[in-house]
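What you see below is based on every heavy atom in this structure, not just the backbone, and it leaves out hydrogens, waters and symmetry mates. If you're wondering where the values come from, they're calculated on a predicted model, not measured in any experiment. A, B, ... follow the sequence lines: proteins, then strands. Residue 1 opens every chain.
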Amino acid sequence: MFHIIEKQIQRLVSGHLTARYGETMEVAIESPKQSSFGELALPVAFQLARTLKKAPRAIAQELAGDLGALPGVATIEIAGNGYLNLRLDRGAYGHALLAGGGAAASTGHKIIVEHTNINPNKAAHIGHLRNSVLGDTFVRMLRASGNTVEVQNYIDNTGVQVADVVVGFHYLERKSAAEVAALAAAPRFDYLCWDLYARVSQYFKEHPESEKWRAETLHAIEANQGAQAELAHVVADAVVLRHLATMRRLDIVYDVLPRESEILHLQFWATAFELLKQRGAIYLATEGKKAGCWVMAGSHFRENVTADEDDADDSKVIVRSNGIVTYVGKDIAYQLWKFGLLGKDFHYKPLLEEAPGHTVWVSTDEEQSAGAPHFGAGHTVYNVIDTRQSYLQDVVAAGLRALGYEEQAGRSIHFNYEMVALTPGTCVELGIELSEEDRKRAYVEVSGRKGLGVKADDLIDKLIEKALAEVEDRNPDKPAVARLLAATQIATGALRYFMLKFTRNTVIAFDLREALAFVGETGPYVQYAAVRAGKILSKFGERGETLPDFAAVLTQEAFERQLATEDLWQTVLLISKAESALEDALAKGEPAHFAKYAFQLAQGFSAFYDGYSVIHEQDPERRAFLLWVTLYFGRQLAWTLDILGIPAPAYM
RNA sequence: GGGGACGUAGCUCAGCUGGAUAGAGCGUCCGCCUCCUAAGCGGAAGGCCGGCAGUUCGAAUCUGCCCGUCCCUACCA
């Protein structure tokens with residue numbers, strides 16, 4: 001509701017400025033520093049001061065006089081050096097809230113969000129969790145504001161990481177595809193791969209000559225022939241299913257899994273390669289370290305480098321001298337497909353039903369796409385990828401530009417975020433051994449290669465265990481199944497909120513104690529507010545009472561009387577800002593901002609809960625009003641939690 | 001060497017395109033459950049916003065320089 005008023009005033013004031021001063025400008029609207037100053041603050045007088053060469057306060061005075069009555073606004077005051085502070089007409093505002101507002105309008109463009117993208121060669125860890133939670137929440141935010149969104153989870157099933165685990169099974173363990181398939185059928189095959197991957201990495205370090213196994217394996221995989229290729233399929237397919245299962249524990253699902261194997265087998269890369277060569281985006285290096293490689297010149301993706309300054313050292317290898325394309329090359333082909341620019345499409349087959357009525361599809365090279373939605377061909381593409389890969393993302397975007405797709409390159413957005421690292425303290429707590437130098441660092445990077453990290457499923461298990469103990473303690477009378485469900489929901493809420501509370505460019509120094517916290521600024525705190533609101537209403541029902549006819553009792557005059565109480569007005573105002581908070585967070589591209597709003601909303605309700613006894617209230621009008629606030633809060637918080645992907649438990 | 005991010009309370013972090021007395025959580029200390037679940041609420045202490053200069057009516061926010069931390073700069077991704 002608040003955002004509607006905000007926009008309306010913005011429009012009216014902006015129109016007035018154009019008419020009065022001939023100034024066209026975006027009218028900024030802020031919240032006053034103190035709530036006692038009103039609900040909206042306009043610093044326009046400051047903005048105008050420059051061009052009009054007048055004191056801000058004088059301009060503010062003029063504006064206050066000229067603007068006249070604004071709809072929904074009770075008073076306009078001049079404050080400070082020239083602020084215009086507006087107070088809303090509380091009665092009218094409350095009454096409008098009761099009547100309800102409109103839904104978000106659809107934009108019509110398809111937005112593609114690519115996230116998760118975990119190499120299918122080991123278990124998911126907390127770093128991957130940040131990616132998935134960030135991506136999934138952003139998707140929910142986009143959808144809640146009316147966008148059509150397609151969620152893609154790119155599977156690099158032919159890359160070096162999968163190859164390394166295949167090396168482990170084939171050369172070190174000497175296992176056949178059938179034997180590995182049997183292992184893969186057991187629970188948590190991804191954990192087994194986690195250890196093997198670390199072992200292989202260590203083996204390569206100690207026996208550099210054995211790295212030829214990796215090259216052989218990569219060749220076999222790319223050619224899709226031989227035992228290693230078969231093993232790669234077994235490993236990658238099984239681990240992908242494990243990743244999907246892990247993410248589903250956090251209510252994260254996908255629409256389609258485009259796989260690198262199809263990028264190769266369906267000649268996506270070959271097509272892109274031809275395009276890149278034809279348009280001179282890449283060239284064959286003939287001398288130096290990169291002789292024999294197809295490279296992209298540094299001037300394409302680096303600023304401040306002119307073509308004649310181009311240094312072979314700055315160039316990026318797209319195709320290795322042994323003929324194998326790099327990840328970046330394949331990603332350029334993939335990006336082209338995402339925008340519908342490649343002139344080719346995958347075939348698709350249903351992989352599994354992730355939720356009732358929701359099927360996740362996977363790319364395939366065999367024609368069997370019956371019933372598949374039309375994937376790809378997006379208008380805007382968000383790539384949720386950690387910030388360390390900025391360089392590679394720049395190369396990919398440069399690839400699009402070099403092919404003449406300037407607009408699409410601009411709408412290909414690297415939704416970057418910082419890594420999750422471990423504090424040395426947490427490593428000690430988890431029994432992870434650290435080197436001398438690592439121990440001195442503020443934090444150490446999670447590394448799959450070193451097997452250094454906290455596995456996602458382990459963390460979720462821990463959270464559920466802790467939540468269950470609390471739930472059992474508080475709800476001994478509830479059935480075990482229901483308690484487990486509540487504990488699982490609390491764990492999900494705690495984890496998702498934890499991953500979201502940091503802004504994207506903050507390195508999360510993962511602290512186990514903080515991640516396991518259920519008090520303070522946490523998911524469970526927010527969930528608890530929802531539980532309490534629900535409890536008020538269920539207790540009310542248990543007493544055999546029925547809700548009043550709000551429209552009849554809560555007239556505009558009644559709202560005016562009730563909202564004259566300052567803290568109640570602040571509570572209602574806060575509840576009405578959910579849509580506004582979403583818009584703000586989307587504009588900033590910062591899910592953390594929306595998570596923060598959820599927390600503030602819960603804080604507001606907790607104070608309300610403490611300060612007012614709803615069902616024991618004697619005055620009928622006040623009681624109806626308090627009930628309405630409770631209902632309104634419940635509705636807005638449910639909407640907010642849903643967008644954050646945080647479930648609302650029945651009790652806690 | 002080049003590119004980028006960061007430095008705000010004891011700790012972990014928010015602070016929007018400059019704006020009114022710099023915020024939150026944790027931790028510490030003090031209060032609050034015969035009353036809708038205390039995973040809660042109220043209060044207190046705690047800050048030269050890394051440093052210096054500049055831009056201006058006004059700077060945590062913008063610019064430059066310095067100090068410190070981190071990431072990237074692979075024929076890994």
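A salt bridge links A/Glu521 with A/Lys596: at least one charged nitrogen is closer than 4.0 Å to a carboxylate oxygen. Residues A/Lys501 and A/Glu514 are not paired through a salt bridge, judged by the lack of any N-O separation under 4.0 Å between the basic side chain and the carboxylate. Checked for salt-bridge contact, A/Asp386 and A/Arg130 miss the test: no charged N lies under 4.0 Å from a carboxylate O. Residues A/Lys330 and A/Glu260 are paired through a salt bridge, judged by an N-O separation under 4.0 Å between the basic side chain and the carboxylate.
Distance NE2 (A/His300) to P (B/G3): 20 Å, rounded to an integer number of Å. We find that CD of A/Gln34 is positioned 11 Å from P of B/A22, with the value rounded to whole Å. A/Asp386 has its CG atom 12 Å from the P atom of B/C71, to the nearest Å. Note: CG (A/Asn416) to C1' (B/C72) measures 12 Å, nearest angstrom. Distance CZ (A/Arg57) to C1' (B/C57): 14 Å, rounded to an integer number of Å. For A/His414 and B/G3, the NE2 to P distance is 20 Å, given to the nearest whole Å. Rounded to an integer number of Å, the gap from A/Lys466 NZ to B/A39 P is 13 Å. Look at CZ on A/Phe605: it is 15 Å from P on B/A39, rounded to the nearest Å.
For A/His593, the listed nucleotide lying nearest its side chain is B/A14; candidates were B/C41, B/A77, B/A14. Of the listed nucleotides (B/C75, B/C71, B/U12), B/C71 has the atom at the smallest distance from the side chain of A/Glu445. Side-chain proximity of A/Asn119 to B/G25, B/A77, B/C71: nearest is B/A77. The nucleotide whose nearest atom lies closest to any side-chain atom of A/Phe502 is, among B/A20, B/C13, B/G40, B/C13. Comparing B/C71, B/G40, B/A77 against the side chain of A/Tyr327 picks out B/A77 as the nearest. Of all nucleotides listed (B/A77, B/C16, B/U17), B/U17 comes nearest to the side chain of A/Ala28. Residue A/Ser321 has its side chain nearest to B/C75 when only B/C6, B/C13, B/C75 are considered.
Contact annotation for A/Asp156: backbone-only contact, meaning every heavy-atom pair under 4.0 Å involves sugar-phosphate atoms and none involves a base. Within 4.0 Å of A/Ala515, counting heavy atoms only, lies no atom of the nucleic acid at all. In this structure, A/Ala587 reaches neither bases nor backbone, as no heavy-atom distance under 4.0 Å exists between it and the strands shown. Using a 4.0 Å heavy-atom criterion, one finds that A/Tyr83 contacts the bases of the nucleic acid, with or without backbone contacts as well. No engagement by A/Ala529 is indicated, since no non-hydrogen atom pair under 4.0 Å with the nucleic acid exists. Contacts of A/Leu537 with the nucleic acid, taken as non-hydrogen atoms under 4.0 Å apart, are absent. At the heavy-atom level, A/Phe518 lies under 4.0 Å from base atoms of the strands shown. A/Arg513 comes within 4.0 angstrom of nothing in the nucleic acid, heavy atoms only. Among the atoms of the strands shown, only primed sugar atoms or phosphate atoms (P, OP1, OP2) are found under 4.0 Å from some heavy atom of A/Gln603. Within 4.0 Å of A/Val44, counting heavy atoms only, lies no atom of the nucleic acid at all. Using a 4.0 Å heavy-atom distance criterion, A/Gln161 is classed as making no nucleic acid contact. Residue contacts shown for A/Ile490 include a base, since a base heavy atom lies under 4.0 Å away. Residue contacts for A/Asn121: at a heavy-atom cut-off of 4.0 Å it reaches no nucleic acid atom on any strand shown.
Rounded to a whole angstrom, the distance from the P atom of B/U17 to that of B/G1 is 31 Å. As rounded to the nearest Å, B/G46 and B/U12 have C1' atoms that lie 15 Å from one another. Here the separation of B/C29 from B/C65, taken at their P atoms, is 47 Å to the nearest Å. The separation of B/U8 from B/A45, taken at their P atoms, amounts to 23 Å, rounded to a whole angstrom. Comparing B/C49 with B/G31, their C1' atoms are spaced 32 Å from each other, to the whole Å. Nucleotides B/C30 and B/U34 place their C1' atoms 24 Å apart, quoted to the nearest Å. Here the separation of B/U21 from B/A60, taken at their P atoms, is 12 Å to the nearest Å. Taking the C1' atoms as reference points, B/U63 lies 34 Å from B/G25, given to the whole Å.
With the nearest nucleotide of RNA chain B identified for both A/Val507 and A/Ala607, A/Val507 has the one nearer the 5' end. Map A/Leu392 and A/Thr387 each onto its nearest nucleotide of RNA chain B; the residue landing nearer the 5' end is A/Thr387.
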ask   = Nucleotide by nucleotide, 5' to 3', does protein get under 4.0 Å of the base (B), only the sugar-phosphate (S), or neither (-) in nucleotides 29-38 of chain B, counting heavy atoms?
value = ------SBBS
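Residue A/Glu566 places its CD atom among more than 12 non-hydrogen atoms of other residues, nucleotides or ligands, all under 6.0 Å distant. Counting non-hydrogen atoms of other residues, nucleotides and ligands closer than 6.0 Å to NZ of A/Lys466 gives a total above 12.
With its glycosidic angle within 90° of 0, B/C33 is assigned syn.
The distance from atom CZ of A/Arg449 to atom CG of A/Asp164, rounded to the nearest 0.5 Å, is 5.5 Å. Here A/Leu537 contributes atom CG and A/Lys539 contributes atom NZ; the two are 12.0 Å apart, rounded to the nearest 0.5 Å.
The partner of B/C48 is absent, by the rule that a Watson-Crick or G-U pair needs both atom distances under 3.5 Å. In this structure B/C62 sits in a base pair with B/G54, meeting the Watson-Crick or G-U test at under 3.5 Å. Pair assignment for B/A5 gives B/U69, based on Watson-Crick or G-U wobble hydrogen-bonding distances that are each under 3.5 Å. Pairing for B/C13 goes to B/G23, judged as Watson-Crick or G-U wobble with the two contacts each under 3.5 Å. The nucleotide B/C41 finds its pairing partner in B/G31, both defining distances of the Watson-Crick or G-U wobble pair being shorter than 3.5 Å.
Listed pair A/Tyr391 / B/G2 fails the phosphate criterion, with no side-chain N or O lying under 4.0 Å from OP1 or OP2. Contact between the side-chain N/O atoms of A/Arg441 and the OP1/OP2 oxygens of B/C71 is found at a separation under 4.0 Å.
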key: Stepwise side-chain contact (heavy atoms from CB on, under 4.5 Å) check, A/Cys193 with A/Asn121   = CA-CA 6 Å; A/Cys193 291; A/Asn121 73 324; 5.8 Å; no
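The shortest distance between side-chain heavy atoms of A/Val325 and A/Phe273 does not fall below 4.5 Å.
Evaluation of atom-type donor-acceptor distances gives a pair under 3.5 Å for the side chain of A/Asn85 against the base of B/A20.
Checked by atom type and distance alone, the side chain of A/Glu418 never pairs as donor or acceptor with a backbone atom of A/Thr387 at under 3.5 Å.
For the side-chain hydrogen bond (donor to acceptor under 3.5 Å, both in side chains) criterion with A/Lys122, the lone passing option out of A/His243, A/Gln161, A/His128 is A/Gln161.
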